[in-house]
Amino acid sequence: MTQRHLLLAAFFALSMTSYGQQQLSENERKYLVYTVQPGQKPIVAKSASEDGLSEEQTEEEVDSLSIWFPFRSLCDWQPGMRFMVMPDKKDLVIKSFADAATGRMVSSQTLMHKVLVYEGHDDANGGLHEHVNFVCEETGARYYFEVPTASFDDYCYTKFGIPTLAYLGEVDMAREKFVGKKLITVADRYYIDDPKTADGWMEIRDVKRDTEVEVVAVGVGTRSFPVKIIVREEGKNGRQFFQNVAISKTNSGLRDDEFEISNMIFHKFDASFKIADDNMTEHPLYQKYFGKEVYTLQETFVKNDKGNNVKLPRLTLLTMKKIRSQSGSEYAKVTLYDEVTGETYTRDVLFVNKNRIGVDDGQRDMYVDNIFALGNPHKMKGVRQENWKDLKEGTVRKGFTSDEVRVALGNPTSTGKSGVNTVWFYRGADAKYARKVVFNGKTMKVISVVK
């Protein structure tokens, strides 16, 4: 292995993480964040000065992101914009900044993790190779980047931007908007910090798509993907993992089409996460059920918080706490809370009944209206407690009210008339009507039940 390769390996082994206590700057403590697993000691960032290295994401969601994270081309930068120096491998060899006081090039390692504040540009060389000027927030020292083209105006429209600089405006906004909020996983890979590896992190591919997670920290990732979002899976011992993402793509150094490459695409925010709270208003039917009391019309399987299947009996009273759509699926995932037991369950359901030809009974039974009914049957005016045993067993008798029939059998497959009387039909698995309930047209009480 060449000296250069050894140096590069050392850079990534040392610069990422350490379990020891170091003297960190205020900005390093604020912006360098790491995943912490249950039972693990917190990972503490290693101060750049101590490294000893050689020089060698639905329409609502998209609209929200574009407002919070506007793209700022170099041409539009304003004085006061803050950036953290996050060198890539090549930046250890190719120096980016010069000391404004001496004109001498400065090692990227010396500036690592320093915050540089943009001060504008000037044509110090008589209009050739203009300087883009910065002041170090921690030390007050001034530095400049010399544009490689004839003028700043020629350079600022290119994709290249200023090497090594991760835009902190994006990180600060992400911290404000996401920490403590729920997101939904979309990508097929994420990462865990691991100081034992050469890169300082380990890739994981066992996170299930559409997993709901909570954002526990936001910090600096890389120059190209500046926002490091650390999330935690649900549960007391939920695992933490992260993704480095670009949202505004300010100073990313990449063209838009480069983000579509297979090993890049998951570093776009909307290719890694969806905002969970935005899912509740995607369809009017969601609002019909969201936050409401419901009860099961039939025995139904749900998943508990450990992911195990649980069978709930008919007429189990629940509250529909959450509803969210799922990527690439017509099913929505509902979260149900049982106030009696204190248990929380989830289940996939269909909210839109398209009445398509060829839909089998198994899928038809997945429609929300065939699984749940709104309300608390114990509080319904037309439900009498003396009939509760029959209702739980799905038995309908002469004299039952329409509310009692609905509790016992659920919503009818279709309705009709027989003279002045009202008829409810319940279709069976063999496509014939398994049950016909006839009501007195005036009193809406059962006068006959035909099987």
Side-chain angles (χ1 to χ4, degrees), residues 35-40 180-190 192 202-216 230-243 272-274 276-277 279-280 286 289-351 360-374 376-377 392-394 410 429:
T35 54
V36 180
Q37 307 309 326
Q40 178 187 21
K181 299 297 195 305
K182 300 290 188 180
L183 299 178
I184 309 299
T185 60
V186 178
D188 62 358
R189 71 192 77 176
Y190 295 89
I192 290 175
M202 178 179 67
E203 181 181 283
I204 58 173
R205 295 205 177 202
D206 61 342
V207 177
K208 293 182 179 179
R209 191 181 182 92
D210 293 306
T211 296
E212 185 173 271
V213 293
E214 180 181 355
V215 180
V216 295
I230 297 179
V231 299
R232 180 178 57 225
E233 293 172 324
E234 288 185 322
K236 184 185 298 184
N237 296 317
R239 175 178 55 171
Q240 291 188 14
F241 52 91
F242 74 88
Q243 194 78 284
S272 275
F273 300 107
K274 292 193 301 183
D277 292 343
N279 281 273
M280 295 181 219
Y286 286 16
Y289 284 95
F290 174 63
K292 305 292 197 309
E293 280 189 318
V294 298
Y295 59 93
T296 54
L297 293 171
Q298 56 194 356
E299 287 188 338
T300 185
F301 280 99
V302 294
K303 290 187 179 296
N304 61 18
D305 58 4
K306 296 181 180 179
N308 299 324
N309 285 325
V310 176
K311 183 190 287 186
L312 298 181
R314 292 184 68 257
L315 305 183
T316 299
L317 185 62
L318 306 158
T319 300
M320 201 169 285
K321 289 288 190 181
K322 299 177 186 176
I323 306 171
R324 61 178 173 82
S325 61
Q326 302 184 86
S327 301
S329 173
E330 59 185 328
Y331 290 89
K333 185 178 292 294
V334 298
T335 300
L336 305 152
Y337 177 67
D338 187 332
E339 292 186 4
V340 175
T341 64
E343 295 288 335
T344 298
Y345 307 105
T346 59
R347 181 189 165 108
D348 291 347
V349 299
L350 290 165
F351 271 86
D360 60 31
D361 288 305
Q363 189 175 30
R364 187 175 290 109
D365 288 342
M366 293 294 286
Y367 289 113
V368 65
D369 289 338
N370 294 336
I371 303 171
F372 304 106
L374 286 167
N376 182 338
K392 290 185 69 174
E393 295 174 352

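Keep in mind the model is a prediction, meaning the values are calculated, not measured.
Rounding to the nearest 0.5 Å gives a distance of 15.5 Å between CG of Leu318 and NZ of Lys292. If you take CG on Leu317 and CG on Leu336, they are separated by 11.0 Å, rounding to the nearest 0.5 Å. Put simply, CD on Glu203 and CD1 on Ile192 are 11.0 Å apart, with the number rounded to the nearest 0.5 Å. Atom OG1 of Thr344 is separated from atom OH of Tyr337 by 6.5 Å, given to the nearest 0.5 angstrom. Here Lys321 contributes atom NZ and Thr346 contributes atom OG1; the two are 15.5 Å apart, rounded to the nearest 0.5 Å. The OH atom of Tyr331 sits 14.0 Å away from the CG atom of Asp210 when rounded to the nearest 0.5 Å.
Between Asn304 and Tyr345 the shortest heavy-atom distance is CA-CD2, 4.0 Å. Of all heavy-atom pairs between Ala187 and Gln243, the closest is CB-NE2, 4.0 Å. Listed here is the closest heavy atom pair of Glu293 and Thr319: CG-OG1, 4.2 Å. Pairing each heavy atom of Ala373 with each of Leu297, the nearest pair is CB-CD2, 3.7 Å. The nearest pair of heavy atoms linking Ile230 to Gln240 is CG2-OE1, 3.6 Å. Contact detail for Lys322 and Glu212: the closest heavy-atom pair is NZ-OE2, 2.6 Å.
Between the side chains of Asp369 and Tyr289, a donor-acceptor pair is found at a separation under 3.5 Å. Looking at Asn308 and Lys303, their side chains never bring a donor and an acceptor atom within 3.5 Å of each other. For the residue pair Arg347 / Thr300, a side-chain donor-acceptor distance below 3.5 Å is found, with atom types taken as modelled.
The shortest side-chain heavy-atom distance between Arg209 and Asp188 does not fall under the 4.5 Å cut-off. Side chains of Phe241 and Val207 form a contact here, defined as non-hydrogen atoms less than 4.5 Å apart. When side chains are defined from C-beta on, Val216 does not count as touching Val231, because their heavy atoms never get closer than 4.5 Å. Between Glu234 and Glu214, the closest side-chain pair of non-hydrogen atoms is not below 4.5 Å.
Proximity of the aromatic rings of Phe372 and Tyr367 is defined here by a centroid distance below 6.0 angstrom, and this criterion is not met.
A salt bridge between Asp206 and Arg189 is absent, with no side-chain N of the basic residue lying under 4.0 Å from a carboxylate O of the acidic one. Salt bridge absent: Arg314 and Glu299 never bring a charged side-chain N and a carboxylate O closer than 4.0 Å.
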Step by step, would you call Ile204 with Arg239 a side-chain contact (heavy atoms from CB on, under 4.5 Å)? CA-CA 11 Å; Ile204 58 173; Arg239 175 178 55 171; 4.0 Å; yes

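Within the 3.5 Å criterion, the main-chain N or O of Ile323 finds no donor-acceptor partner in the side chain of Thr335. When atom types are taken as modelled, the side chain of Gln298 and the backbone of Asn370 share a donor-acceptor pair closer than 3.5 angstrom. Between the side chain of Thr185 and the backbone N or O of Thr211 there is at least one donor-acceptor pair closer than 3.5 Å.
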